[in-house]
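Just follow the structure's listing: the first ligand is 1, and inside any ligand the first atom is 1.
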Amino acid sequence: MDRSLELSRWLARRAVPAITGLIIVANLFMVGVLILAARDQNAFSAHLTTSFVRERYDALNTRMREISKDYAGWEAAYANLNDAVNTQWAFEEGNFGSTLASDLGIKYVFVLSPEDKTTYAIIDGALSTETADEALGPVVRDLANEARRAGKGQTIPVTATLFDGDTPILAVASVLSTGDNAEEQPADTPMTVVIFGRPLTAEALGATHETDISGLRVERGAEAGATGERLPIATMPASPPAFLVWEPPHPGTRLIWLMLPWIILAAAALGVLTALVLRHALSSAKVIEDKINEVGAARDAARHMSYHDAVTGLPNRAQAIEHLTRLLKDGEHVAALFLDLDRFKPVNDAFGHTVGDLVLAEVGQRVRGIVPESALVARIGGDEFLVLLQKEAAPPVEELCERLIGGIREPIELEACELHIGLSIGIACGPEDADEALELIRRSDLAMFQAKRAGRSTYVRFTPAMNERIRERPELERDLWRGIEAGEFELHYQPRFECRSLRLVGFEALLRWNHPVRGLMQPGDFLELAEETGVIRNLGAFAVTSACRTMAPYEDLSVSVNISPSQLRSGRLIEIVSGALAASGLEPCRLELELTETMLIEDSSVAATLLDQLKALGVRLALDDFGTGYSALGYLRRFPFDRLKIDQHFVADLGAAGKGRAIVQAIIGLARALKLSVTAEGVETAEQLMLLQADQCDEAQGFLLGRPVPADRIPALIRDARDTVERRDHPDAALRSRIEG
Ligand code: C2E
Ligand code: MG
Ligand code: MG
């Protein structure tokens, strides 16, 4: 799986952009709020200045009207300016003269006759010849008429903005009258009008620097005041509209400029802080993620381990069972090959587990290399492997087994040595033999067990009879104990002959079980069970004691007794052997104990001591089945053997083409070199015997020369053998006579 946690990637992909976005939005929001507040402030400030300007403008208007009303409604002014202008009174005497300019800021003073002729003019406090028309434009007459209409003979001032060129002038016009006493006159009565004008400037409106209003001015036209604030002011209808225009202060904008650096700074700080926090979060996430992924990896490893064998890396029993269950459920035809190594235990014991593991790994690889890709190879026990084949996809099972056995037989090269092991295979097929995984494996195991019994390095197909045998096992075990109690065991004696002369030299004692139901049973039928259950110790003691007792009377003949591994381990062997010798009176040198290599390897130092002790009793020691075990020369040198027994497999190969004879010759040569005598076992044909004679083998034993017989037939057998030898003094003739006889 790729279940690796991606917290940090998630953070980087999702959380970081989200948080960054959030910060940006928050900042934008802040800026937005600030702008709104600033605009509000600016608007408020504009509103304030508008009120201020309107107030000032209105005040100025009012003031101008008051001045106009005062002067135009003054009886003396009426007397001196209405019909004929008395310049003396007006200007020289200062009643209507320069003080208007100097004290009241009135720049223009015009008196217009009822015919709108300028009869009196003062500009900037000095008498002027300029007419009102010339100074303020013809529109001034409209203003005059307005005053005449408004007043109806009374002094009611009207104001409007006129222009002297571009200079705006706040002009006020009033009809000359006799003041409060003045009679109301009809509108069409010709009337004299007094016009005052003062420039409409910022100073005039009192908009100084302290008032926060800058650029207060008058502009004409509809577009006036495009950039700032404006206030419409009265003009004559004939004139374009005019506005007071000014720049209000912008406290909001100032606020923005004031705040902006701080906001930027705060945003930057927030950004940096967030980045730091995120970085920390990211690295923490990475650590957590690593931890979790480590846990995940450990879990994966554990999962892998729970389905694999650590030594070979192959699937383990659990996986094999799962796989097989699946195949059977899918209705596949499956062959289960149960592989068990021959002679693996001694390797493991002799060289240690490290080497044992190397061997297992090598075997695993070889098996994997031989079976088809689609097959499952599992290690399901110590030296047990299971191969599961889908039959359609596989070569014939028998052919595959041959290849597997051949493949494992090839020596395994290790640094220090070369190892030889073998392979026994049991075959069971699903669904014919069993349609359930465990049962199918069990049956292939049973078949494998039979392959072992059939002499190893071979394969056996499961048969229902095997199942029967296994079912009998618990019963057989009970039987064993009972058999001992009931004295059902006995020894048969197989004669051993001197090879050259065919002189009888002794017997090998071989166990038999007179089973009340099954009949006479061979060691192959019960020995393994006896070994497993410990019954063999009793049987072994019985064999030694019984053999000694039986053979004691036959002077000059020796007796061989087989010793099992567990007897060797029992610690009571010396006691039993010396007891048997003492009880029977058999000379120790006539007793020969047969041991196999396996038991020597198992605990070689203990074995060495024990064998020395046995030798000290005076008995002789033979190494049985030489060549089937480990065949390490070291054992022959290290342990005090007197004899070596060539295994019957080699003897069987003697006549055949191949290396059979060379091997036997080599073993005989080896025994000679080590000063051991040699016995060939399993001699079944005359050819084998002749070859053994030719190769100077010391002794022979086999069905050709004599089968194992019950003890009561020993005397007859001895007699027979003596007769033969005496009758024919030539060995070949003796043989012929034996064979013919
Ligand atoms: P072993 O010690 O190698 O005994 C020789 C076996 O070969 C005997 O089988 C014998 O009957 C058989 N044999 C002899 N000549 C021939 C022949 O020409 N051809 C063939 N094919 N076989 C031949 P058996 O009696 O079935 O014994 C089998 C094994 O059981 C023995 O092999 C020995 O290892 C073990 N055994 C027998 N008796 C005892 C015993 O009292 N104690 C112990 N611990 N093991 C015993
Ligand atoms: Mg033997
Ligand atoms: Mg043997």
Side-chain angles (χ1 to χ4, degrees), residues 452-456 480 483-484 488-497 499 506-514 520-551 558-570 572-573 576-577 580 591-599 620-629 641-655 678-689 692 699-711 738-739:
K452 289 263 185 216
R453 290 178 60 163
R456 299 162 195 243
L480 267 175
I484 290 181
E488 287 170 8
F489 289 91
E490 63 171 325
L491 288 174
H492 281 198
Y493 294 86
Q494 183 175 33
R496 287 170 22 215
F497 295 89
C499 216
F507 290 88
E508 176 172 3
L510 298 163
L511 261 178
R512 297 292 180 264
W513 184 5
N514 263 312
L520 190 68
M521 288 173 77
Q522 309 288 318
D525 299 327
F526 60 84
L527 214 54
E528 209 167 297
L529 189 62
E531 185 81 41
E532 280 168 25
T533 51
V535 180
I536 190 69
R537 294 189 185 178
N538 304 44
L539 286 178
F542 159 78
V544 176
T545 319
S546 172
C548 288
R549 196 183 332 109
T550 306
M551 289 303 295
S558 68
V559 62
S560 316
V561 181
N562 294 286
I563 301 295
S564 80
S566 69
Q567 268 178 290
L568 208 61
R569 281 194 300 265
S570 73
R572 292 193 54 225
L573 188 60
I576 289 167
V577 170
L591 177 63
E592 192 167 272
L593 300 181
E594 297 191 359
L595 307 149
T596 55
E597 284 168 295
T598 325
M599 49 179 100
R620 298 163 64 85
L621 300 177
L623 183 58
D624 203 357
D625 304 339
F626 185 78
T628 57
F641 286 113
D642 302 286
R643 180 184 308 280
L644 199 148
K645 295 186 80 172
I646 305 175
D647 190 73
Q648 29 183 286
H649 281 102
F650 300 114
V651 176
D653 283 350
L654 253 185
V678 193
T679 301
E681 294 186 294
V683 181
E684 290 182 348
T685 68
E687 189 195 7
Q688 289 165 355
L689 181 65
L692 288 165
E699 289 183 6
Q701 176 184 350
F703 293 168
L704 175 74
L705 302 165
R707 290 183 176 261
V709 294
R738 275 203 70 76
I739 295 167

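- Within Glu594, the N, O or S atom at minimum distance from the Mg ion (ligand 2) carries the name OE1.
- Under a 3.5 Å cut-off, the side chain of Gln567 and the backbone N or O of Ile536 do not form any donor-acceptor pair.
- Annotation: ring pair (Phe, Tyr, Trp, His ring centres under 6.0 Å) contacts involving residues 524-549, sequence neighbours excluded, comprise Phe489-Phe526, Trp513-Phe526.
- Each of the atoms 30 (O), 35 (C), 36 (N), 45 (N), 46 (C) of ligand 1 lies under 4.0 Å from some heavy atom of Leu527.
- Among the atoms of Leu511, some N or O lies under 3.5 angstrom from an N or O of ligand 1.
- Coordination check, Glu508 versus the Mg ion (ligand 2): passed, since an N/O/S atom of the residue sits under 2.8 Å.
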Decide side chain to side chain contact (heavy atoms under 4.5 Å, CB included) for Val535 and Leu529; before the verdict, give the C-alpha distance in whole Å, the side-chain angles of both, and the deciding distance to 0.1 Å. CA-CA 8 Å; Val535 180; Leu529 189 62; over 6 Å; no
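- We find that Lys452 and Glu528 are not joined by a salt bridge, their nearest charged nitrogen and carboxylate oxygen being 4.0 Å or further apart.
- Interface atoms of ligand 1 facing Glu684, defined by a heavy-atom separation under 4.0 Å, are 17 (C), 18 (O), 19 (N), 20 (C), 21 (N).
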Stepwise side chain to side chain contact (heavy atoms under 4.5 Å, CB included) check, Leu510 with Leu491: CA-CA 5 Å; Leu510 298 163; Leu491 288 174; over 6 Å; no
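- Residues Arg496 and Thr679 bring no donor and acceptor atom of their side chains to less than 3.5 Å of each other.
- None of Gln701, Arg707, Glu681 except one satisfies the side chain to side chain donor-acceptor pair (under 3.5 Å) rule with Gln494; the exception is Gln701.
- For the Mg ion (ligand 2), the set of nearby N, O or S atoms under 2.8 Å includes one belonging to Asn562.
- Set against the non-hydrogen atoms of Ser564, the atoms of ligand 1 under 4.0 Å away are 44 (N).
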Can Glu508 and Lys645 be said to form a salt bridge (Lys or Arg N to Asp or Glu O under 4.0 Å), step by step? CA-CA 12 Å; Glu508 176 172 3; Lys645 295 186 80 172; 2.7 Å; yes
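- Remark: ligand 1 atoms within the under-4.0 Å shell around heavy atoms of Ala543 are 41 (O).
- Look at Arg512 and you'll find a heavy atom under 4.0 Å from some atom of ligand 1.
- When Met521, Gln648, Gln494, Glu681 are ranked by how near their heavy atoms come to atom 6 (C) of ligand 1, first place goes to Gln648.
- Near Glu594, meaning under 4.0 Å from any of its heavy atoms, are these atoms of ligand 1: 2 (O).
- A distance-only check finds no donor-acceptor pair linking the side chain of Asp625 to the backbone of Asp647 [under 3.5 Å].
- Neither the backbone nor the side chain of Lys645 has any atom closer than 4.0 Å to an atom of ligand 1 (non-hydrogen atoms only).
- When distances from the Mg ion (ligand 2) to the N, O or S atoms of Asp624 are compared, OD2 comes out shortest.
- Of all the heavy atoms of Asp625, the ones lying under 4.0 Å from any atom of ligand 1 belong exclusively to the side chain.
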Candidate pair Leu595 and Phe641, rule side chain to side chain contact (heavy atoms under 4.5 Å, CB included), full reasoning: CA-CA 10 Å; Leu595 307 149; Phe641 286 113; 3.8 Å; yes
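- Remark: among candidates Val651, Asp525, Asn562, the nearest residue to atom 34 (O) of ligand 1 is Asn562, based on non-hydrogen atoms.
- Any N or O atom pair closer than 3.5 Å counts here, and Pro708 shares no such pair with ligand 1.
- Between Ser570 and Arg537 the shortest side-chain heavy-atom distance falls below 4.5 Å.
- Considering backbone and side-chain atoms alike, Gln701 places every N or O at 3.5 Å or more from each N or O of ligand 1.
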Stepwise, does the side chain to side chain contact (heavy atoms under 4.5 Å, CB included) test hold for Gln522 with Arg512? CA-CA 6 Å; Gln522 309 288 318; Arg512 297 292 180 264; 3.2 Å; yes
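- Annotation for ligand 1: atoms under 4.0 Å from non-hydrogen atoms of Val683 are 18 (O).
- Each of the atoms 15 (N), 18 (O) of ligand 1 lies under 4.0 Å from some heavy atom of Gly702.
- At least one heavy atom of Glu508 sits less than 4.0 Å from an atom of ligand 1.
- A pairwise comparison of heavy atoms in Tyr493 and Ala547 identifies OH-CA, 3.4 Å as the closest pair.
- Close approach of ligand 1 to Asp624 (heavy-atom distance below 4.0 Å) involves ligand atoms 1 (P), 2 (O), 3 (O).
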